[in-house]
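On a predicted model such as this, the values are computed, not experimentally measured, just so you know.
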Amino acid sequence: MTGRVRVHWGRIPLLLLRLLVLGGAAGAVTFGVVGSWGVVAAVVGTVLGAVLGQVVSGSRVRLPLLLLGAVALWGVGALVARLSVTSPWLVDALGPSSALRVATAARFGAGAAALAAALRMMAARVPALLGVELAAIVVAVVLPLASHRDGLVERPLWLSDWAWHLGYDPAHVLLAIGGAVAVVVGGLLMARGGDQRVSPTSWAGLLLLVLLGVSMVDVAGLPKPQAGNDLGLTGNEEGDDPLPTDPGNWPGGSRGEQRNEGKGGGARPEQGEGKGGGARPEQGEGKGGGGQPEQGEGKGGGGQPQQGEGKGGGGQPQQGEGKGGGGQPQQGEGKGGQPQESKGGGGQPQQGEGKGGGGQPPPEPPRIDDDTPPSGGSPAPMAVVLFGDDYTPPSGGFYFRQDVWSHWNGSRLVDSRRPDVDRDVPRSFPSTPTEVVEPPPEEGRQTVTGRVFLAVKHNKPFALEGPASLAPERNPEPSRFVRAYRFESRAQTIEYPALAGRASADPTWTEDVRDYYVRTPEDSRYAALAEEIVAALPEDVRGDPFAQALAIKLWLDEHITYSTAERHAGAADPTADFLFGSRIGYCVHIAHAAVMLWRSRGIAARVGAGYHGSPDDLRGAALVLRSGDAHAWPELYLEGVGWIVLDIAPQQSLDPPPEPGDDDLTEQLAELARSEEGTSPNDPTESTPKATPGLPMPRVLLAVLLAMLVGLYLVKLWRRLAPLWTRGPALPRVAYRRALDQLAEVGIARQLGETRTSFAARARNLAPSLPALAALSEAALLGNPMIDPRARPELQRSTWFQALRTLSHDLRAHVPARRRLLGLINPISFWQVR
Amino acid sequence: MTDPSTADSDFQQSEHITHTLAPPVTDLNGCSGVAHRLRQRLQAMVRGRNDVIELVIIALLSDGHVLLEDYPGSGKTTLAKALGDAIIDDRPDDDIVTIRRIQFTPDLLPSDVTGSTIFDPNTNRFFFRPGPIFAHIVLADEINRTTPKVQSALLEAMAEKQTTCDNRTRKLDDLFFVVATQNPLDLAGTFPLPSAQLDRFLFKIKMRHIDRQSELEILASIRARKESPGDELPRVTRTEILDSRAVIEQHVHVDARVRECLVDIANHTRAHPQVLQGVSTRALVLMIPALQARAMAQGRNYVGADDVWALAPLVFGHRLALAPGAEAMEEVVRQCCAQPLEALSRA
């Protein structure tokens, strides 16, 4: 051919598109990293670099040398950047700000140019490497947007702000950007100038893209709730399925959004760290505030009570003294520590890395004033419960207890660390059928079974109050549910009037436990108020614990105003602040108030936390629990019947009534939960939770790719062996195809427009026998059919086998074994055969 | 083109002495021998033109005419003369000679080509004196320098193998082979051949300057060739060529797929955006024997894709009228061939 360089005018638009996309990608990736000078330099550098790479790739210089050149270009840019700020006379000549700009421009411009040139050269020389270039583009576009993963559609903030400002849903904007990137990348992958063939790698890439798209649609088919939990019910589990016998693990999960850093007794991030996905934006940054509030019975550290200590924070507050700006230590930064009960006197400050001797660091208790109140009617579904038995609760609501708070830490009730209390609450998800340590008595209770399908990660299991046992359940829809289990509960059936006349303690309790459940703050106002309420009771029932509790409940019903707006944040004792202040608050405050009043009358009480489901929302046997159903309620202990929920129902509410549930969604979720009914429910291996809902797709993808690979090898094998069993007129075609396959394996394939003869002539130095073979093939195809086939050697098996043997021999003689082996491994070598 | 040593075995057995008749040609081996002998002689006389020699042999064996386009002094006449020398007229009794050369000039008259009726005072009668086209091989030199009238006289002769003079039609020899030349340089004072005339030529061959080695050989062998003009090499007879034509036509198989391919190529030329006028059906008709002859020359008894690929530019090139600003002719033809040929070449 002639050596003259041809300009392919048809490819100019494609090249322009490529440059545009590359420039855009460069701009996107540098946008948040560097100032406008750097961005402009990067974009211009990328475009120039791509043009340079395209032009240079047409030369005869070898690719590694070209890549070295690109590296050199980058080096020169870095050198210039360095010189322009370090060389005194340059700085003098330019002025400091100009010198800095020049440095930025040189560094980013040259870097981008070198990268773009290298990518373009590789793609232009080796079609398969086009994928690298496109992958770089995708990464460049995705990086600045990546913060919206895990369902945080409001991130990145600059994008969502802008979208909201224009009145768009940021999710749609993100979707549009993603779609556009996919289309552009797919287009660039497939685009070829003129008669070039689309390489198999490109086809594979496109397939991958499509599969990814399908998986996205599959995962995004239903809205995935990621809303923040209200009572610290959800969050990562800690120590997946800990062994029940492992004492270090019994406390179970960490709280709320908090993520366990897993440093083994090291510092625990403050709840306010906001690292765990930022579902609670008000919790701020507080990176340094790794203080660790600890209860008095701290397991690690030799029972040393520890004081929260922010690394950046100065002194530390003790004994409930608020510290930090504006007396609200808990809000935001997490700078100040947390008021704590301190048994050991003068709580010892512990720096974040306190080596808690072997003990698992206890989880941080939720704070009464820091919990986001349940936002009424928040629609995000958290879980689906399928009841197995008919049950009508006398209380008028289903109480799904996840947690109980019975330990008074000086400002509120928290989860107990004691092994001898609250043993009726399951601490961890079941990996095998597990009995609750201390199930409620059977009196006045009915066995109710049910299955729970968690749509969102929870840190502990919850069950209808009074659980007796838990068992794992197969997850019917791993893309939708993160976990499934079944519970068997002894739910309350005894009517409230029948509860009178029972002592509020268990005869088996030790004195210590009895004291534990009635401990109140050293605030006489509780006792005074309780006394005042109880005084209104008739004489004959005034001594009955349940009657007293009921009276307090009714008093609270009347005098409390429900509102999620009032937080009582910053108060040393938020409960007191609530009860003896505005009396406006939400369930956590109300429950605390009830428990404190009860306790001050000697009634064993605690706060239960979990979900409250209304029988009205029951659809068939299915109940969808939403984030707005999170609830805390007071419970009291009555001899013979165990812990009884006696919820407060404030008559006044400042909050709008909750939205009615979405029946369609309930049915849809219930349908999903039921979809695998009938399969073995107790197969623990099947109930393994999925870390992320998208996880199954890579596996499917892998399986598909593997199947494709096997298929390709089968095709290859079949094409190789077909001459053995082919007879009659098809033999020449099959045999010739085999010969071409063999040649393609070593890298020679007929080009478009080449005849057999010219191809054979080209391949002559590798396969001297090919011209004869090609002639045989052509003679079989175009020869005179009138001639007796026996007189035509090109139709004889022996001729062909001889020719194929000769060809194999030729290839063995002329092609290095390494090349032949590579060709044999290549699953798509036959693709190039035409 | 084909390596002469592999062309046939026939040649080995026909130890011809000049003017001795070989056994009659009845099969492709015989044809191959004829082609080989022609090739040997022509290659001995004309250096560095093996490709053109091959095409001329193909044209001769497929009853077509060739138009050579080249600069003066590049061996056209030598080639034509060598061809004439290689053919023995085994019917010396008729008036037809082996080779004639017509040098076309603007003032040439048709009768100078076809012959004229002359009054013989001895017998008091007119008699026909045949013109130069009454020959086996006619070398029409610088054909584009003469007037259309003369050109059209030649046209009838080439197409019909007959000529009309004074209302009397006279048949030409069966082996009537025109080697015309035209000069690409002298555009002034020329009459470009009309497309109808061009259509009569099977091949239009653009000759290029020969390579350095061949040129040196020519310079070195001037004397030697003057002394012995290659007469020791065997020649072929007129009958052998005519027989070969018949044998080739009969024995070289043209598959239906090849014919389809030709029609497809023609359609592609007609649909090509840069082509004003596609190739004619006659071009296809003329091409079939040429393909057969080439297949024979390559030692095959069937027409293959390679034949089409090799001959298409030569056959179609001068028959296409390209739009202004089109690419090179050969490129256009190659584009039109690519897809139809792919059907023949696919595994």
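Judged by distance alone, the side chain of A:Arg756 and the main-chain N or O of B:Gly304 form no donor-acceptor pair under 3.5 Å. Checking side-chain atoms of A:Glu778 against main-chain N and O of B:Ala305 turns up a donor-acceptor pair under 3.5 Å.
A 4.5 Å side-chain heavy-atom check between B:Glu342 and A:Glu754 finds every atom pair outside the cut-off. Side-chain contact between A:Leu782 and B:Val303 is absent, with no heavy atoms from C-beta onward closer than 4.5 Å. Looking only at side-chain heavy atoms (C-beta outward), B:Val252 and A:Asn784 stay at 4.5 Å or farther from each other.
Within a 6.0 Å radius of CH2 in A:Trp725, other residues, nucleotides and ligands contribute more than 12 heavy atoms. Within a 6.0 Å sphere centred on CZ of A:Arg797, heavy atoms belonging to other residues, nucleotides or ligands number more than 12. Atom CD of B:Gln277 is surrounded by 12 or fewer heavy atoms from other residues, nucleotides or ligands within 6.0 Å. Within 6.0 Å of atom CD in B:Glu249, 12 or fewer heavy atoms from other residues, nucleotides or ligands are found, so the atom counts as exposed in its surroundings. Heavy-atom contacts from other residues, nucleotides or ligands closer than 6.0 Å to NE2 of A:His809 number 12 or fewer.
Atoms CG and OG1, on B:Asp307 and A:Thr757 in that order, are 7.5 Å from each other to the nearest 0.5 Å. Atoms CG and OG1, from B:Leu344 and A:Thr755 in turn, are 9.5 Å apart once rounded to the nearest 0.5 Å.
For B:Asn301, the part lying near chain A is the side chain, with the backbone staying farther off; criterion is any non-hydrogen pair under 4.5 Å.
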